[in-house]
Amino acid sequence: MAKKLCAPFPLMDLPIGVLQKHKMQRCSPLLDFTPESLRPRMSKILNDAGVCELKELFEMCKAYEDSSCAHAALAGILEPAMANMFASAFLLTPEEDHDVILAMLSICEDCEPLYHFLAQIEIDGLERAVTEALERTEMPAFPGANIARGGNEDPNAVFIRNFLLKILGKQEPVRVDNMTSRILLLSMKWLPYFASTRAECISLIHKHLEHPDTQVRCIAALHLSALCPNNIETNAELWKQFEAYELQAGYWLSMEEGSGHIEKMIAGALLQRASRQHASLDLAGKSDEFADYWRRQMDVTEPANRTVVEHALCTLYESVFCPPPQAVIWFENPRLAAVAAAIFARVTIPDFKRRAGVESISRVALYIEKLKRRIQRFPEVASRSKRAWEFGLTSYVPEPEYDPFPIRCGTAMLRSRPERARDTWDFISTRANARMNREVAIAWERMTAALAGTQEAWMFEMYNKSSLRLPKVQLFFQGLLDRDRLGAVGYRSLLESLDVCPKRNDGLDEILRSCGGFIPFENVVIALERPCKITRDQRNRLHNGSGKSIEYPDGWGCYSLHGMSVKKSHIITHPEKITIEEINTEYNVEIRRVMIERYGIERFIHDSQAEVIHEDEFGALYRKNFRGHDAMAMVKVINRTPEADGSFKSYFLDVPPHMRTARQAVAWTFGLPEREYAPEIET
């Protein structure tokens with residue numbers, strides 16, 4: 001490898017017996033050759049070493065200068081144990097970058113991080129070695145660096161700054177999953193810490209707001225936000241970069257203002273700026289206020305305003321540079337609308353795949369999906385939407401209404417939760433997987449009539465209807481009744497009111513306020529009417545003991561009792577049709593208990609020939625075994641207070657199946673162990 005042509009190492013004559021003060025005078029050319037930040041260390045070495053030791057050092061320096069360069073000779077004096085590694089590092093790097101290696105030497109307090117830095121130069125090159133060394137906690141930024149002050153007085157800052165600028169100026173196409181991209185990101189992250197003045201720092205950042213790499217621009221915007229907290233243009237720049245940033249496996253960054261993934265750090269910075277601008281802002285309270293309004297949209301029972309919806313749909317399509325939809329096809333219930341959407345996707349999008357998701361059906365659908373993802377990046381949204389908004393919850397565990405002990409559903413091999421949901425859209429979605437032969441025929445006929453004259457009409461004419469196989473309809477139920485979509489629009493309206501983001505009139509909020517849901521294809525929109533009836537119990541759970549708790553204009557709807565979905569309608573509308581065999585074969589414990597209640601508990605105990613397993617003065621304990629190792633137990637007790645006619649009324653109390661005696665069962669209803677239950681007076 002060719003020898004580096006650095007400035008020659010200074011020659012010094014040290015005769016034997018030279019005095020200390022004369023020794024330092026003769027070594028002054030070496031001190032002048034040493035970078036300013038390293039001179040205190042060099043001065044100490046020269047002071048502590050004897051003349052003979054210095055002569056040996058200078059001879060070694062001459063050897064390193066001959067084999068590598070004068071900088072390698074200098075490093076050999078400062079770090080003798082790593083002289084060979086320094087010589088190799090200097091040989092592998094251009095001469096103009098030698099000062100960067102010496103600058104990194106000046107901030108290394110321990111040998112281990114310095115060893116990693118030099119080794120990485122040989123393996124990965126100087127660019128990665130410098131950026132990774134700055135990122136390691138063992139090698140912090142220079143003591144004088146502070147982004148808030150925007151200045152750095154350390155003499156080595158100029159070398160690091162120029163080197164980082166050199167990396168950022170390459171303008172190479174990069175991908176987020178390669179090392180070149182990481183070097184770019186870390187270079188942008190650390191660059192402002194080495195600016196000499198605040199003005200220079202801001203100038204450097206503005207220059208990189210137009211960098212071709214999105215993540216570099218985002219980090220530049222974050223730095224600018226920290227340096228200019230009260231600048232209105234900074235807020236707009238932050239939102240611009242936030243909106244342009246595509247959600248991906250972003251790098252975890254630690255900056256002076258905090259740490260996290262890039263998009264979440266920008267979201268946090270936007271909310272912090274909003275809090276500073278609105279001194280009395282109660283974000284939690286305001287979030288709940290907006291959440292309450294948008295959640296109520298799920299329970300509106302007024303007819304859809306079709307004129308407003310169709311006009312707003314044109315605005316939505318124009319906002320994403322699409323022509324207005326050629327047809328808006330309305331359906332009176334979500335099941336029919338979801339089937340129609342599934343048919344339309346199968347006929348007009350031959351390569352449509354279920355796993356692709358509804359966002360793949362059009363540019364408008366993709367725009368809505370990106371809006372959802374963008375809003376979910378705000379750190380406060382993720383937590384508050386699950387606590388207060390209750391949007392997007394997929395693991396809801398219900399309260400046991402009919403069973404005071406933990407619910408077990410199914411057999412010993414199958415433990416499924418009872419179908420219970422917190423809102424109307426959850427209930428409707430439970431009906432997505434039923435047989436839909438009738439809906440297919442109705443939806444096909446209505447769409448062929450509505451599509452007359454459109455470019456999709458010929459696709460339906462040419463399609464072989466007998467070979468139609470629908471994609472999973474549940475997918476379109478989720479797109480039609482999308483709580484995440486409603487939550488994103490609601491939270492966006494909150495952010496707009498706080499001036500976090502500019503107000504964008506895309507018509508989406510008008511659509512969601514005026515209809516029951518919609519699915520946007522490229523040229524056609526499937527729109528849904530609102531329900532005409534929703535009934536609830538005193539605890540605000542969907543409930544109707546005599547009919548449908550949710551009903552749509554064409555009569556389609558859902559049955560539920562105290563928040564629990566009931567698929568067999570005759571359990572509610574015609575309880576006299578319930579049979580013992582039907583109860584015995586019901587897997588869901590909660591549904592079974594509803595059926596028993598409506599059949600009549602005492603009648604069921606008698607008709608099902610439940611076994612009396614124990615009887616004493618406290619009552620009679622019955623047990624009924626079902627298939628799949630499932631069982632229920634009830635204890636019959638007598639009210640000791642006589643009725644008006646002098647009779648004594650008996651009651652059946654639900655108890656866990658593992659009860660052995662009537663006394664134990666009655667004690668359990670009082671929350672007591674069997675041995676402690678000894679009442680003196682029974683009532």
Side-chain angles (χ1 to χ4, degrees), residues 147-148 150 164-165 167-177 180-193 195 201-277 319-320 366-367 369-382 488 491-492 494-496 498-504 506:
I147 188 175
L164 295 178
L165 283 171
I167 295 174
L168 288 165
K170 289 187 174 180
Q171 304 290 325
E172 294 179 358
V174 295
R175 301 190 309 272
V176 297
D177 58 348
T180 306
S181 181
R182 176 164 175 80
I183 292 170
L184 272 173
L185 294 178
L186 293 180
S187 299
M188 181 67 249
K189 172 188 169 180
W190 285 102
L191 176 62
Y193 289 87
C201 185
I202 295 175
S203 174
L204 290 172
I205 291 170
H206 269 292
K207 180 174 141 183
H208 289 88
L209 286 174
E210 303 300 326
H211 196 280
D213 187 270
T214 308
Q215 297 185 80
V216 170
R217 296 198 304 270
C218 288
I219 297 175
L222 280 169
H223 280 309
L224 192 63
S225 175
L227 284 166
C228 309
N230 300 317
N231 192 320
I232 298 176
E233 295 180 0
T234 302
N235 201 64
E237 187 63 46
L238 268 177
W239 180 260
K240 173 185 173 183
Q241 302 304 337
F242 179 75
E243 200 169 26
Y245 184 82
E246 290 295 331
L247 189 62
Q248 49 197 310
Y251 294 109
W252 184 272
L253 294 170
S254 56
M255 301 176 70
E256 196 164 76
E257 291 293 313
S259 63
H261 290 292
I262 295 174
E263 71 279 359
K264 291 185 179 179
M265 290 184 68
I266 296 180
L270 285 165
L271 288 179
Q272 285 177 11
R273 294 177 69 85
S275 299
R276 287 195 294 265
Q277 293 169 5
S319 69
V320 293
L366 182 60
Y367 166 77
E369 186 65 25
K370 286 183 176 180
L371 171 64
K372 286 161 46 179
R373 294 177 184 174
R374 188 178 305 129
I375 295 299
Q376 288 168 355
R377 296 176 200 167
F378 283 87
E380 280 75 4
V381 175
Y491 205 87
R492 183 180 68 174
L494 170 61
L495 297 177
E496 289 173 349
L498 299 175
D499 300 321
V500 170
C501 62
K503 183 171 178 58
R504 184 170 186 181
D506 56 10

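Numbering starts at 1 and runs along the sequence shown. For the numbers below, each heavy atom of this structure counts, side chains included, while hydrogens, waters and symmetry mates do not.
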Any idea which heavy atoms bring [X] and [Y] closest together, and the distance?
X	Y	value
Leu168	Leu191	CD1-CD2, 3.8 Å
Met188	Val216	CG-O, 3.5 Å
Tyr367	Asp506	OH-OD2, 2.5 Å
Glu496	Cys501	CG-SG, 3.7 Å
Ala488	Ile375	O-CG1, 3.8 Å
Leu209	Ala221	CD2-N, 3.8 Å

Can you tell if the side chain of [X] reaches within under 4.5 Å of the side chain of [Y], non-hydrogen atoms only?
X	Y	result
Leu186	Ile167	no
Leu498	Leu270	no
Leu204	His223	no
Val320	Lys370	no

Give, for atom [atom1] of [X] and atom [atom2] of [Y], the distance between the pair rounded to the nearest 0.5 Å.
X	Y	atom1	atom2	answer
Ile266	Leu222	CD1	CG	4.5 Å
Arg492	Lys503	CZ	NZ	7.5 Å
Cys218	Lys240	SG	NZ	11.0 Å

May I ask you to decide if Ser319's main-chain N or O and Arg504's side chain share a donor-acceptor pair within less than 3.5 Å?
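Yes; judged by distance alone, with no hydrogens or angles, the pair exists.
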
Between Ser187 (side chain) and Ile183 (backbone), is there a donor-acceptor pair under 3.5 Å?
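Confirmed, Ser187 side chain pairs with Ile183 backbone.
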
